[in-house]
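What follows is one structure encoded as structure tokens, with my remarks underneath.
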Amino acid sequence: MKDYKLVLAEILANVVEMKKEDIEDLIEVPTNKDMGDFSFPCFRFAKILKKSPNAIAAEFAKKIERPDFIEKIENVNAYINFYLDKEELIKTVLDKVFDEKENYAIEQKKDKGNIVIDYSSPNIAKPFHIGHLRSTVIGNSLYRIFEAIGYKCISVNHLGDWGTQFGKLIVAYRLYSNKEEVENKGIEELLRIYVKFHEEAKKDPSLENLARENFTKMEQGDEEALSLWKWFKEISLKEFERVYDILGIKFDSLNGEAFYNDKMDAVIKELDAKNLTKISEGAKVVEIEDMSPCLITKKDGSTLYATRDITAALYRQNMYNFQKCIYVTALAQNLHFAQFFKVIEKMGYKWAEDLVHVPFGMVSMENGSISTRNGNVLLLEELLTEAINKTKQIIKEKNPKLENKDKVAKEVGIGAIIFDDMYNNIIKDIHFSWEKVLNFDGETGPYVQYTYARANSVFCKSGMKIEDIDNNIDVSKITDELSMALIKEIGKFSDIIQEAAAKYEPSIIARYVVNLAKSFNKFYHENSILVDEPNLKKARLSLVVGAMYSIKNALWLLGIKAPKQM
RNA sequence: GUAUCUAUAGCUCAGCUGGAUAGAGCAACGCCCUUCUAAGGCGUGGGUCCGGGGUUCGAAUCCCUGUAGGUACGCCA
């Protein structure tokens, strides 16, 4: 919204002995709307002026020149409260909404520079389960949020397609499977033999050594090992793409860990040349103060996770010249990121400070933590299918005549899952519960989508075309509190996106869109929209359409569709 | 042991760049569809903001400390 705060600070600076920047910091938005749109607390002047805060506030309040956009200035105790002029406020918000229309609050220019976002990044040869969902939907949302404030984003799916696990898989394949089984059953068979490997390795630890040997062979370019690896990777990618399609997510780069195989040598040499490496217990490490050392190579010379991440960061900086490089991974990986960010800093690269780890909490199942090895997993597709089926059932009950039932059920069911994942601060752990995730009442994705569908429905019944709805309305027609509350909520959208970006927190968008939907539902409940009086009808329809643009775009920022009917 | 995250209503959580009576949703109970989609709206009950210090005119919010739980800590990713 227009920067009223700044203007108020300038006006206050004429009365209060303080820099306008400091005044601006002091001005706050009251928690209770009865106390105005902005308020200025005067407690801190008591000491200097040797008067009571209440007296000071009263004195200041008298001296302030009221600007046009302020309807009323009121002194309550130690506060000076400012009430925005309603007509001014309506005009300001609607001007912006109808100037930008379907792009409302979403910046179209991408001229602030590049941001690389590394997310999803599942491990090849393991099925896509609900544990992978978080990184995927959070990363996708951050991508859209940063694009919405004017950055060009590059999404990277840093596939876990390299590492000792492939040594394990190769061993497991040779011992427990064959070509036909893998071709027929795909990733399911790969999972089976992976689990089997871990069972057997408990009894016979030499299998682990065999696995390591096979990975080393891969790193040395052994053709047989590599062709198996390639085959496993293709099978996995097919499955992942199916899941990404359902979620509507695309990546700009699929450069996984293997992509950096031929680029790590140069980086290790650079580390050596900068005198950062040491040999410790046979491994090559970079020592870091106040942290355990970062391992660069194992004693057999093969590389590790950190080696590939350091190499990838250097490559990305070189390739994209990023303003930020964001990693969306579990909180449990905190140390790893702290370590390799520090290594890059030690290498003398100033852009190390542009590397950002966005950590999220763990998902656990009702019967303990998720473990692919133990088979305690819920496949994402199973969850999505369940949600879609539940939605179909509800549609059958509530809106049996709906067209495109399947399409809508898909959008709503998936919306429910995505929304649920991002409604709380991402740092919170999630204890998965069918009951919770399949509840579509209250503060949920379907609630917001339903609100949108209602708004669309009433708009359609008006018989107006979208072009007929604009900001050219009789502002005096809108007077009630609920309409004003809706306008204010719509007007907040841009600030909310800024906040979500600054905090790397999609839940801020999710919370916002729920408040917006609540606001709309109250407005809708109390005010008839399709009234006879044409000017009133037009004014109210402007609010309906403004709410629709806002809800649709906010859902889009979360990666959720807004069906027109449901 | 060290680091890190979390602790607010029965449950799940907002609020945490300090401010005016601590907010939602779920669950429970009650009301509102001959009127624009009831996946909705309204109402009722429900709180030592984990404990203890400190800073401040003012602390759920900042600092210190303790407690409880989660997670990570060299050749996995």
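Just so it is clear: chains get the letters A, B, ... in the order the sequence lines come, proteins before strands, and each one is counted from 1.
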Give a yes/no on whether any side-chain N or O of [X] is located under 4.0 angstrom from OP1 or OP2 of [N].
X	N	answer
Lys522(A)	rC42(B)	yes
Arg44(A)	rG18(B)	no
Lys47(A)	rC57(B)	yes
Arg308(A)	rA77(B)	yes
Asn425(A)	rG15(B)	yes
Lys298(A)	rC76(B)	yes

So that I know where these two stand, are Tyr327(A) and Phe340(A) an aromatic pair - ring centroids less than 6.0 Å apart?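 Yes, ring centres under 6.0 Å apart.
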
My understanding is that a pair needs two contacts under 3.5 Å, Watson-Crick or G-U wobble. By that rule, which nucleotide pairs with [N]?
N	result
rU71(B)	rA3(B)
rA9(B)	none
rC50(B)	rG66(B)
rG30(B)	rC42(B)

Evaluate the ring planes of Phe259(A) and Tyr315(A), with Trp represented by its six-membered ring, and classify them as parallel (under 30°), tilted (30 to 60°) or perpendicular (over 60°). perpendicular

His129(A) vs His132(A) aromatic rings, parallel, tilted or perpendicular, using cut-offs 30° and 60°?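 His129(A) vs His132(A) ring planes: tilted.
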
Glycosidic conformation of rG74(B), syn or anti, with 90° from 0 as the boundary?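 Syn conformation here, the glycosidic angle of rG74(B) being no more than 90° from 0.
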
Within 90° of 0 counts as syn, otherwise anti: where does rC33(B) fall? syn

Report yes if a donor N or O on one partner sits less than 3.5 Å from an acceptor N or O on the other, where the partners are the side chain of [X] and the base of [N]; otherwise report no.
X	N	result
Asn81(A)	rA20(B)	yes
Asp429(A)	rU71(B)	no
Thr31(A)	rG15(B)	no
Thr164(A)	rA77(B)	no

Are Lys72(A) and Tyr83(A) in a cation-pi contact, defined as NZ or CZ under 6.0 Å from the six-membered ring centre and within 45° of the axis?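 So Lys72(A) does make the cation-pi contact.
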
Does the cation-pi check pass for Lys51(A) over Phe45(A), that is, NZ or CZ under 6.0 Å from the six-membered ring centre and within 45° of its axis? no

Same-atom distance (P) from rA20(B) to rC29(B), integer angstrom: 35 Å

Across the strands shown, which category fits [X] at heavy-atom distances under 4.0 angstrom: base, sugar-phosphate, nothing?
X	value
Phe440(A)	base
Val514(A)	nothing
Asn527(A)	base
Ser121(A)	nothing
Tyr423(A)	nothing
Leu530(A)	base
Glu397(A)	nothing
Ala283(A)	base
Lys390(A)	nothing
Lys299(A)	base
Leu295(A)	base

If I take atom [atom1] in residue [X] and atom [atom2] in nucleotide [N], what distance separates them, rounded to the nearest angstrom?
X	N	atom1	atom2	value
Ile279(A)	rC75(B)	CD1	P	16 Å
Leu304(A)	rA77(B)	CG	P	6 Å
His525(A)	rA39(B)	NE2	P	13 Å
Leu335(A)	rG70(B)	CG	P	20 Å

Passing candidate, side chain to side chain contact (heavy atoms under 4.5 Å, CB included) with Phe341(A), options Asp309(A), Ile310(A), Leu355(A):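 The side chain to side chain contact (heavy atoms under 4.5 Å, CB included) with Phe341(A) is passed solely by Leu355(A) among Asp309(A), Ile310(A), Leu355(A).
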
Value rounded to 0.5 Å, distance of CD1 in Ile80(A) from CD in Glu74(A):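 Ile80(A) CD1 to Glu74(A) CD: 11.5 Å, rounded to 0.5 Å.
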
